[in-house]
Each structure stands twice: as C-alpha cells, then as structure tokens.
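Order of listing sets the numbers, starting from 1, for every ligand and every atom in it. None of these values were measured; they are calculated from a predicted model.
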Amino acid sequence: MRIDKMLANLGYGSRKEVKKLLKEGIVKVNDSIVKDGKQHVDPNKDVVTLLGDVIEYKEFIYLMMNKPPGFISATEDAVEDTVIDLLQPEELVFQPFPVGRLDKDTEGLLLLTNDGQLAHKLLAPKKNVPKTYYAIIDGEVNSTDVNAFNKGVVLDDGYKTKPGKLTIIKSGVRSEIELTITEGKFHQVKRMFQAVGKRVIYLKRLSMCSLKLDDTLLLGEYRELTDQEVKMLNQQV
Ligand code: URA
C-alpha cells in the first residue's frame with residue numbers, strides 16, 4: 001500500500017498532513033528516508049519508522065469494552081450517547097462498530113471491531129455462538145424455570161427460543177442467575193424471564209464465544225484483545 005495511505009489510516013493525519021510529515025524527512029522505510037507519499041510499502045515486511053519509532057500497521061482493531069449503562073450499542077445517534085463516544089481518536093481512526101447489541105441499560109462485555117467478516121460470523125444465527133449473562137431477577141427463580149429454559153420458552157411474539165442454560169446462583173424474592181443462550185433476539189434475556197412471569201432488574205454480559213469479560217475493566221473501560229483471544233474467536237466461528 002502507499003505510505004501516505006498507511007500513515008493516514010493509522011491516524012497520523014489527513015493525506016495532506018501526512019504529506020507534510022513525509023516532507024520533513026522523518027519517515028524511514030527500512031532505514032531510508034521516504035519523502036514521496038506514492039511510495040509503496042508492504043506493512044508485513046517493511047520496517048517503517050517515524051522519528052525512529054517503529055510504526056506497527058494493522059488493518060483490524062478488536063476491542064473488549066465493559067459497557068456502562070446509559071450508552072446505546074450504535075455507531076452514531078442524534079440524541080443518545082453511543083459506545084463509540086467512549087473511544088479515543090487512536091481507536092476511532094479504525095472505524096470500529098459494536099458486534100451485536102446490548103440494551104441501553106445492560107452492562108458488560110461488548111466487542112467492537114472493524115473486522116466485518118468476524119463480526120458477521122459471530123452474529124450469524126447458524127453459528128449458535130454462546131453468550132452468558134449474569135442477571136438479578138425480581139422474583140424467585142426455581143427449578144421449574146431451569147427446566148422451562150432448557151426446553152425453550154415462548155416469547156411475547158410467539159417465538160419459541162432455543163434452549164438456554166439457566167444456573168441459579170441465589171434464589172429468593174430477588175434471585176441471581178447466570179444464563180447462557182445461543183441466539184440474540186431483541187431483549188431476549190428480559191423476554192425469556194417475562195415468559196416465566198419474572199422481571200430482569202439488572203443485566204450484565206459475561207462472555208461471548210470464548211471471550212470473557214476482563215474483570216479488571218471498570219465500566220466504560222476497554223482494551224484491545226490479545227492475539228490469542230482473536231485467534232480463539234476465529235477458530236471457534
Ligand atoms: N438480552 C436482553 O434482554 N438485553 C440485552 O442487552 C442482551 C440480551
């Protein structure tokens with residue numbers, strides 16, 4: 001790819017600003033100063049430096065966010081705050097988007113990437129990607145619910161869900177549960193509990209496929225996935 005495109009893609013400025021950078025003679029490719037933006041580089045082979053610092057090129061970005069409540073899972077919105085508003089310019093240059101949706105009031109694991117192929121595979125219904133949620137329920141969750149979820153429950157629109165694995169952590173007037181489902185219908189977890197006459201009062205996603213929410217991330221924080229995490233995701237879908 002052209003060196004000016006590579007630098008612009010990485011957020012070093014507009015094409016015009018990158019042209020100026022190059023003119024300054026501070027960019028080197030394999031130890032030779034490059035001033036011409038048209039020069040081609042192979043980001044996988046050539047060593048590109050700016051003022052001596054090696055520039056790592058990557059096409060894709062993969063971010064794990066601990067989504068806070070109050071933000072919608074969209075790239076832009078005229079009224080609401082979006083999860084993209086939480087990112088820094090360094091990540092925004094890659095134009096990441098959320099993989100699937102969490103409700104505005106839902107917290108927890110949200111993957112953001114610009115890798116459309118991986119996103120598509122993770123969301124494809126036939127891939128049955130498991131997603132695990134922790135929830136606090138208004139109502140006493142019992143073994144009848146576990147069995148009902150195991151068979152699939154009928155939602156308010158008549159749709160019968162695929163089996164869900166419900167684990168009771170604490171049963172009481174307010175219950176705590178974990179639920180693993182392999183589909184992602186609109187408000188699915190909330191509607192599954194509604195189907196058994198109970199109400200979700202707190203919802204947090206803990207995992208998606210092999211990806212587990214990093215518990216060092218505070219609400220609204222995010223980090224890049226490790227190479228190993230990206231590899232595992234790709235292997236599993
Ligand atoms: N199910 C829901 O009801 N809400 C979410 O945000 C995710 C799953």
Assess, by modelled atom type and distance only, whether the side chains of K162 and N128 contain a donor and an acceptor separated by less than 3.5 Å.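 Yes, a side-chain donor-acceptor pair sits under 3.5 Å.
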Do E178 and T167 have a side chain donor and acceptor closer than 3.5 Å?
->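 Side-chain D/A pair, E178 to T167: absent.
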Worksheet item: Can you name the residues that come within less than 4.0 Å of ligand 1, going by heavy atoms only?
Response: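 For ligand 1, the residues that come within the 4.0 Å heavy-atom cutoff are L102, D103, T106, Y133, H187, Q188, V189, K190, L203.
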request  = For V200 and A135, work out which heavy atoms get closest and say how close.
outcome  =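 Heavy-atom minimum between the residues: CG1-CB, 4.4 Å.
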Ring centroids only, cut at 6.0 angstrom: are F186 and Y159 within range, meaning strictly under it?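 No, the ring centres sit 6.0 Å or more apart.
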Query raised in the report: Taking the six-membered ring of Y222 as reference, does the NZ or CZ atom of K67 fall below 6.0 Å from its centre and within a 45° cone about the axis?
Result: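 No - K67 does not lie over the ring of Y222 by the 6.0 Å and 45° rule.
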Side chains of residues 15-28: which donor-acceptor pairs under 3.5 Å do they make with residues two or more places apart or in other chains?
| unit_1 | atom_1 | unit_2 | atom_2 | d |
| --- | --- | --- | --- | --- |
| E17 | OE1 | S14 | N | 2.7 |
| E17 | OE1 | S14 | OG | 3.4 |

